[in-house]
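Read the structure below first, then the notes.
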Amino acid sequence: MHAPDAAPTDETPHTALAGLLDGLPPRQAAQAVDRLIGHYRGRTPTDAPVLRDRSDVAAYAAYRMPATFEAVRAALDAFRARTPEWAPATHIDIGGGTGAASWAVAAAWPRAGHTTTVLDWAEPALALGRELARQAPSESLRTARWQRLAIGDGLALPDGTDLVTVSYVLGELTEADRHAVVAEAARAARAVVLIEPGTPDGYLRIREARDRLLAAGLRIVAPCPHGASCPIEPGADWCHFATRVRRSSLHRRVKGGSLPYEDEKFSYVAAVRFDATPAGARVVRRPQIRKGQVLLDLCAPEDGLGRTTVTKRQGPLYRAARDVAWGDVWPPEEERTGWGRPTDLDPRGGPLPAPPQVS
């Protein structure tokens with residue numbers, strides 16, 4: 001996915017994470033990660049979190065925080081592209097743990113001067129998040145509130161909160177708690193951004209939450225170019241995207257492997273209670289570049305799912321198609337390609353019909 005306006009590269013948790021495992025033997029860190037991968041939150045009572053101590057939290061943060069940050073940042077980039085003049089004054093991160101989503105919000109709106117509150121039931125995660133945030137360039141992070149709270153039924157958020165994020169949390173909740181969290185976010189917030197793993201199950205949770213946000217009166221702004229039912233047949237396919245994660249030496253120590261990057265797959269939905277510009281269409285699969293043509297799988301406002309072929313004969317549109325990425329809006333935004341107004345081209349690849357002449 002291409003960002004509409006690249007966020008500052010220093011507003012990331014990588015530097016803060018660098019010294020996290022100092023003094024912790026790599027074997028111990030790896031063992032902690034192996035134990036926590038399948039058990040962190042949601043499978044134990046909220047008063048007995050699986051994150052038992054700082055070593056557990058540090059190992060898990062080193063393992064998951066960079067990927068979660070990049071996935072949330074990619075979702076927020078798509079959201080910002082549809083709401084370029086809007087910025088939050090207040091942000092609540094539900095189930096935020098060590099604060100990856102809050103770092104992404106600070107990167108997305110570095111000059112917003114917003115307040116952030118992180119809610120989680122694991123005190124060791126909150127304590128480490130608070131410690132990492134003290135090193136952040138962002139005042140919003142350095143002054144964030146870190147509050148221990150059960151995530152689920154009974155959650156109460158302040159009315160009129162500008163932005164609520166819920167990242168990689170819904171899958172850790174019971175069905176009743178999941179419904180309660182989405183309902184409360186929809187009730188209290190002007191904008192809601194939900195992110196889950198880019199798996200079939202993660203997509204189904206996002207799909208269900210999307211339906212609930214629409215039923216609550218919110219407007220979908222990303223990734224969907226419409227507010228109709230999702231055209232994907234459950235079980236046949238799933239909507240997800242990918243973002244590249246730079247793997248630091250710390251990340252490689254904990255996760256193993258030698259590649260300097262990995263791709264994090266995620267599903268997401270962003271919805272608002274205010275006016276926003278809808279996308280023309282969304283590229284929902286990696287473009288297929290062939291000799292003299294580019295094949296794009298799109299989700300479009302009117303036609304739903306479909307494939308369009310852009311050929312070399314289409315000149316500027318073909319050149320734009322060769323550069324478009326999975327998750328991007330199609331046609332591309334004017335400021336990124338410079339080849340013309342997006343409204344001059346039909347998402348299926350040809351020019352839009354001329355408007356009728358009014359006598």
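In this text the structure is predicted, and so the values were computed from the model without any measurement. The figures here come from the full heavy-atom set of this structure, side chains too, leaving out hydrogens, waters and symmetry mates.
Using a 4.5 Å heavy-atom threshold, the side chains of L305 and D297 count as separate. Inter-residue side-chain proximity for V283 and L298 is flagged as met; some heavy-atom pair is nearer than 4.5 Å. At least one side-chain heavy atom of I94 sits under 4.5 Å from a side-chain heavy atom of L155. Counting heavy atoms from C-beta outward, P158 and I92 have side chains that approach closer than 4.5 Å. When side chains are defined from C-beta on, T68 does not count as touching T98, because their heavy atoms never get closer than 4.5 Å.
A distance-only check finds no donor-acceptor pair linking the side chain of W121 to the backbone of R148 [under 3.5 Å]. At least one donor-acceptor pair closer than 3.5 Å links the side chain of R80 to the backbone N or O of A108. Counting only distance, with no hydrogens or angles, the side chain of R178 and the backbone of E172 share no donor-acceptor pair below 3.5 Å. Side-chain atoms of D153 never come within 3.5 Å of backbone atoms of D177 as a donor-acceptor pair (strictly under, hydrogens ignored).
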Please step through side chain to side chain contact (heavy atoms under 4.5 Å, CB included) for the pair D275 and R219, ending with a clear verdict.
-> CA-CA 8 Å; D275 290 339; R219 174 181 304 181; 3.5 Å; yes
Could you check R82 against V329 for side chain to side chain contact (heavy atoms under 4.5 Å, CB included), going step by step and ending with a plain yes or no?
-> CA-CA 10 Å; R82 311 271 55 86; V329 169; 3.4 Å; yes
Evaluation steps, side chain to side chain contact (heavy atoms under 4.5 Å, CB included), between V105 and D93 = CA-CA 9 Å; V105 170; D93 187 5; over 6 Å; no
Worked check of side chain to side chain contact (heavy atoms under 4.5 Å, CB included) between L163 and V193 | CA-CA 8 Å; L163 174 65; V193 181; 4.0 Å; yes
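Side-chain contact, H179 with E208: a donor N or O sits under 3.5 Å from an acceptor N or O.
Atom CD of E302 is surrounded by 12 or fewer heavy atoms from other residues, nucleotides or ligands within 6.0 Å.
Rounding to the nearest 0.5 angstrom, the gap separating the CD atom in Q147 from the OG1 atom in T117 is 7.0 Å. With rounding to the nearest 0.5 Å, the separation of CG in D328 from CG in L296 is 10.0 Å. Rounded to the nearest 0.5 Å, atoms CD1 (I151) and CG (L170) are 11.0 Å apart. From D303, atom CG reaches atom NE2 of H226 across 10.5 Å, with rounding to the nearest 0.5 Å. To the nearest 0.5 Å, atom OG1 of residue T243 and atom CD of residue E262 are 10.5 Å apart. In this structure, W330 CH2 and C299 SG are separated by 16.0 Å, a value rounded to the nearest 0.5 Å.
Shown here are the side chain to side chain donor-acceptor pair (under 3.5 Å) partners of W109, two or more places apart in sequence or in another chain: there are none. With sequence neighbours excluded, no residue forms a side chain to side chain donor-acceptor pair (under 3.5 Å) with E139. In terms of the ring pair (Phe, Tyr, Trp, His ring centres under 6.0 Å) criterion, H114 has no residue partners (sequence neighbours excluded). Every residue meeting the side-chain contact (heavy atoms from CB on, under 4.5 Å) condition with P234, not counting sequence neighbours, appears here in chain and number order: L204, R207.
The ring-ring contact (aromatic ring centres under 6.0 Å, His included) pairs that include a residue from residues 273-322 are W86-F274, where partners are two or more places apart or lie in different chains. Here salt bridge (charged side-chain N to carboxylate O under 4.0 Å, His left out) pairs that include residues 180-198, with residues two or more places apart or in two chains, are D159-R187, D162-R190, E184-R187, E196-R205.
The shortest heavy-atom contact between W326 and A242 is CZ3-CB, 3.6 Å. Nearest approach of Y203 to C230, heavy atoms of both residues: OH-SG, 3.1 Å. Minimum interatomic distance between R282 and V221 (heavy atoms only, all atoms of both residues): NH2-O, 4.2 Å. The two atoms that bring Y268 and A78 nearest to each other are OH-CB, 3.2 Å, heavy atoms only. Listed here is the closest heavy atom pair of S138 and A106: OG-CB, 3.7 Å. A209 approaches L194 most closely through the heavy-atom pair CB-CD1, 3.4 Å.
Linking Ile, Leu, Val, Met, Phe, Trp and Tyr residues whenever their side-chain heavy atoms come within less than 4.5 Å leaves F69 and L126 in two separate clusters.
Checking each of R142, H91, R145 against T116 for a side-chain hydrogen bond (donor to acceptor under 3.5 Å, both in side chains) leaves exactly one that passes, namely H91.
Taking the six-membered ring where tryptophan is involved, the planes of W238 and H240 are essentially parallel, since the angle between them stays under 30° and well short of 60°.
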